[in-house]
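Because only heavy atoms are used, hydrogens play no part in the values below, and waters and symmetry mates are left out as well, while side chains stay in.
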Amino acid sequence: MTVKFNRAAASTFFSAPDHTGLTIPASPTTWALGILVCFDGLTTGDNPQHLISTKSTGQSGAFNLVYQTEAAATSHRNRLTMYFNTLTTPTLVTVNDNRAGDKWLFVFQQTGTTITVRRCPILANMPSDGSAVVVDGTAERNAVLNGSGLWLGARANLTADKMCDQSIGRVFFMADTLTDLEVAKLAHGMEVTDLDKSPLWYARLDNADDFVNRGSLPIAFTKNGDITTSESQPVFGYSAPAKPMINDAPTIIGGAVGQAASYTPAEAINSAERAQEWYVAGVLVSTASTYTPVVTDAGKNLLVRQIEANAAGSVSADSAPVTITAVATDTTLPTFQGNLAASVTVDSITVSWATTASADNVAVARHEYRIGGAGPYVAASAAEEAGKSHTFSGLAGDTPYRVDVRCVDTSGNASAPLSLDARTIVPEHHAETSITDEDFVAWLASDDAITNILVETWALVDGVRTPFFWSTNGYTTEGTNNPVFYAPVVGVSIPFTEALSLTSTASLSAGDIEIDNTNGMNEHFAGYIWADDVLAVVGDVRWARADYRPIFVGHSVGLVRKGPRAFALRLRDMMEGLNYPISERKFGGAGVNADTLIPLTFGECCNASGEWSNTSTLERQWHDGPIEGIVETRANGIPISEQVIVSESTGKSLLTVNNESATITATVQGDKFGGVFRKTIATLIERLITGYGKDVGRYTLANIDTENFAQFDATHPQPVGLHVRERLNVIEACTMLTSSVGAQLAPSLDGKLQLIQIALPAAGPAMEIRAEHMVDGTLRHVQHIDPIAAVKLGYCRNWTAQPGMQSNLPAEHKGLFEKEWPLTVTRVDEDIKRKYKLDGDPVMRATMLLRGDHAAPEAERELALWGPGRDIYEFDGIPDLLMLKKGQRLIVYHEQDGMIAGVEAQVIEIQRDWWTRTVTVRFLK
């Protein structure tokens, strides 16, 4: 608690009942005066504000510590000044400005006749040095002080408008010196008595009952409550913790050679940190949480020392010793379960065993791997064990490989291997093209074009990944070295439709390719498994393969019959590769959460809940790897960060006090893969695409339009957050992020994933569409979108809603924790509301945005976009428009529906038939 002094109409002040003892004597010559101040009062008042005074300035023997306000008639605005004796100009002026909201501990140290002022900000953590302390000014004391008493605030004989209006937490005076470290400890919250110092006087302003009114009016004050900030600074008036205590002694569990020994800690109180030391025959051998005895330890005594510590000191307790026993020769094979994952390039395969679990009756020593399905295994290095992955390099492109990984115990017993089949990427065609983009567009409109569509795909044939090359007109690649024949089995009409969602919901585009099966010529296809990559390209039958342009990049999802004489190869675009759970990794083991998914946290998430990873040790997990950090941990909404040890490298935290029955939550800054903390939409989606989802064939940066992502990130830098505790597909996760700004994830013609925002005007340069670009008479109205009068967005999601919370929090704070979306922003167009008689309080739309100053502009943007109502049109276009892109910005000119002068539009759907070279374009205006 602190007491805030308020300006009053007449002379008022506070003093302790024994204020006459609060003096600054002429001797000793070495003293320290400390004051803890929160500058939260008037900074625009006309007069200085007296914090401490013995007499009015200018009187013999006077001492005054004064805050000069912003508008004070002095050159020392926003500074602390000291006045001595009869001088009406300050003897000491601090160097640094003070502003509303600042919280500082000031120490005025006199040594001889020199006074030095040091300042230190309020520190959230107990300091280990005095680096936070800075010198703020020096002066020479020029007179003897003989004040008969000391007042906090204005003295009775000071003018009425010089009442102090700052929050003061503690004031002390001592005949001693303070080191920088001691000053820093006081700024953390310790008191001078905690430093074994003996102040001559000490005023701790805990509540109003400590004071009596010596002025002419009743005391005017406000009790501010705990002075805290978003940095979780401690309250003023902090009391040093009691020294830890340990009841009883720890107990060792285990103690056989080759088997990890652990211990059950003894009950401890007042502890902030726990450590341990393992001793074999009196020799320290480890400080880890467990110790695995080696063969030479057999027959010796094993002892564990439990150490509990906090800022006040540490205590320890030793276990009863146990005799280390030898074990019989171990012949039990370790177990290795789970799934391997792989990512591939043209010449490498990276295998990961992060989602596996290895166990042994004694202990697992290492992992080993090999490639090719035969030959010796190679032991993983220490770095590979830590990262749980290995990269095989120098491989051939477009080649299948079998990868095996196994675990080995301390006796050399090896588990059965886990295996996966992976294929390196097909090398890109690097032949020089003779057809430029301009030539290709001209060819699309040419009557001389001989269109040919080539399809390249794969299927599992008797368990072997086998390539297939098809075409519409038949085709053989040029050259004599391994020419490729494309069988003419593809149906002549392959329409492809691509569309954007007006609700920013990412979706899969579906279609099929018709395969000829006349007279059963391809009946054997029915027995194959079609679930692989598909590439379709278009060009002229006379062109080289390198001159063909991609028209579909995606995946096959099965082969079905299409009448008696054909098959249909079912297609999905590149979004299919994201139609997988973000993660299926579970805790495993024998705990209560064995079958629970390990939670994931991306960006910053408020009040996330995580999961218990080990209830016996009170370990909680927030992410499946390194995190940036935890801003604050809470139990039923009450901050308990001082009771939590955070491991940023593992994404876990350890509670040092048993709050297991409470709802434990935290504000978490999550995933920090590769040492980079990502918190924007584009960077998080890139991380989800390349780091999560399916284990085999996971997308890489080669599948992302990195230029588009960079541009989107530059224009949408708003921080967001995503906390995942249940099954969630990558597509769904990406949609939650992109829809926050009315955007969506979608593939381009060449299969690269892009971020596209529905907007008018749309991003990028505009293409003009005029009557000559449309087939005569084909412009048609498709849909009218009604006006809306308001947009309401939710932001700063509370990831753990706690309705009916039982805690001592103020009611307004409880309200923030009880709702999933306690914070919203609404924007209303009163003109549209009045004209169309519409509702001004719409249904809230959820976003993953964190800040109101980011949600408000987005609400305004969406209201400007959808408020007046919109229309959707479509037309059949000339072949040149086959190359249009989803989301592209258009300026449409047409005599119909008010478009004669040109209107802003955005492409939202394109249906292309590359065989007939026709296109239908749908746009929003």
Side-chain angles (χ1 to χ4, degrees), residues 30-39 80 94-98 101-111 114-138 169-199 202 227-244 270-275 277 287 307-316 628-633 639 641-649 653-654 656 669:
T30 298
W31 52 259
L33 170 70
I35 182 168
L36 191 60
V37 185
C38 169
F39 293 94
L80 285 186
T94 58
V95 175
N96 297 287
D97 283 359
N98 302 289
D102 286 355
K103 300 175 180 66
W104 295 97
L105 171 71
F106 292 90
V107 173
F108 299 85
Q109 179 77 61
Q110 175 172 292
T111 305
T114 301
I115 298 177
T116 301
V117 57
R118 289 172 291 171
R119 72 162 62 196
C120 185
I122 304 305
L123 301 177
N125 299 307
M126 180 63 73
S128 59
D129 56 41
S131 58
V133 178
V134 297
V135 174
D136 206 17
T138 58
R170 298 196 301 275
V171 188
F172 61 86
F173 182 83
M174 55 192 293
D176 204 343
T177 60
L178 290 169
T179 66
D180 283 354
L181 176 57
E182 288 173 330
V183 171
K185 287 182 176 181
L186 292 173
H188 171 58
M190 295 183 73
E191 300 181 11
V192 288
T193 52
D194 297 328
L195 300 176
D196 294 327
K197 302 288 185 178
S198 299
Y202 179 71
I227 299 295
T228 59
T229 71
S230 59
E231 291 79 27
S232 301
Q233 293 176 340
V235 301
F236 292 176
Y238 162 90
S239 296
K243 193 172 182 179
N270 301 327
S271 177
E273 183 177 1
R274 172 175 296 159
E277 296 174 344
T287 58
I307 304 169
E308 304 289 342
N310 67 10
S314 63
V315 294
S316 63
E628 173 72 5
I630 293 181
V631 177
E632 184 174 69
T633 306
S641 297
E642 71 279 2
Q643 301 174 7
V644 177
I645 301 171
V646 179
S647 172
E648 289 86 357
S649 62
S653 63
L654 192 68
T656 60
Q669 294 177 327

Decide yes or no on side-chain contact (heavy atoms from CB on, under 4.5 Å) for Leu36 and Ile122, but give the supporting numbers first. CA-CA 9 Å; Leu36 191 60; Ile122 304 305; 3.4 Å; yes
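- Relative orientation of the Phe106 and Phe108 rings is parallel, given thresholds of 30° and 60° on the angle between their planes.
- Applying the salt bridge (Lys or Arg N to Asp or Glu O under 4.0 Å) criterion to Glu182, with sequence neighbours excluded, gives Lys197.
- The line from CD of Gln110 to OG1 of Thr30 is 7.5 Å long, rounded to the nearest 0.5 Å.
- Judged by distance alone, the side chain of Gln109 and the main-chain N or O of Leu178 form a donor-acceptor pair under 3.5 Å.
- Take Ser271 and apply the side-chain hydrogen bond (donor to acceptor under 3.5 Å, both in side chains) test, not counting sequence neighbours, and it matches Glu308.
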Report the C-alpha separation of Leu33 and Ile35 in whole Å, then their side-chain angles, then the decisive distance to 0.1 Å, and conclude whether the side-chain contact (heavy atoms from CB on, under 4.5 Å) test is met. CA-CA 7 Å; Leu33 170 70; Ile35 182 168; 5.8 Å; no
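- Among residues two or more places apart in sequence or in another chain, the side-chain hydrogen bond (donor to acceptor under 3.5 Å, both in side chains) test is passed with Thr94 by none.
- In this structure, OG in Ser131 is found 9.0 Å from CG in Asp180, a value given to the nearest 0.5 Å.
- Shown here for Val644 and Ser653, the closest heavy-atom pair between the two residues is CG1-CB, 3.6 Å.
- Two residues are said to be in side-chain contact when any heavy atoms from C-beta on lie closer than 4.5 Å; Trp104 and Cys120 fail this criterion.
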Under the side-chain contact (heavy atoms from CB on, under 4.5 Å) criterion, do Thr111 and Thr116 qualify, and how do the steps go? CA-CA 8 Å; Thr111 305; Thr116 301; over 6 Å; no
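- Qualifying side-chain hydrogen bond (donor to acceptor under 3.5 Å, both in side chains) partners for Asp196, counting only residues two or more places apart in sequence or in other chains: none.
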Go through the steps for Met126 and Lys185 under the test side-chain contact (heavy atoms from CB on, under 4.5 Å), then give the verdict. CA-CA 6 Å; Met126 180 63 73; Lys185 287 182 176 181; 3.9 Å; yes
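- Put simply, CD1 on Ile307 and CD on Glu273 are 9.5 Å apart, with the number rounded to the nearest 0.5 Å.
- Annotation: the span from Asn270 atom CG to Thr656 atom OG1 amounts to 11.0 Å, rounded to 0.5 Å.
- Of all heavy-atom pairs between Glu642 and Ala272, the closest is O-CB, 4.4 Å.
- When all heavy atoms of Thr179 and Arg118 are compared, the closest pair comes out as C-NH1, 3.6 Å.
- Contact annotation: the side chain of Leu195 approaches that of Met190 to within less than 4.5 Å [non-hydrogen atoms, C-beta and beyond].
- Residues that satisfy the side-chain hydrogen bond (donor to acceptor under 3.5 Å, both in side chains) test with Glu277, not counting sequence neighbours, are Tyr279.
- Every pair passing salt bridge (charged side-chain N to carboxylate O under 4.0 Å, His left out) that includes a residue from residues 125-137 is listed here, sequence neighbours excluded: Arg119-Asp136.
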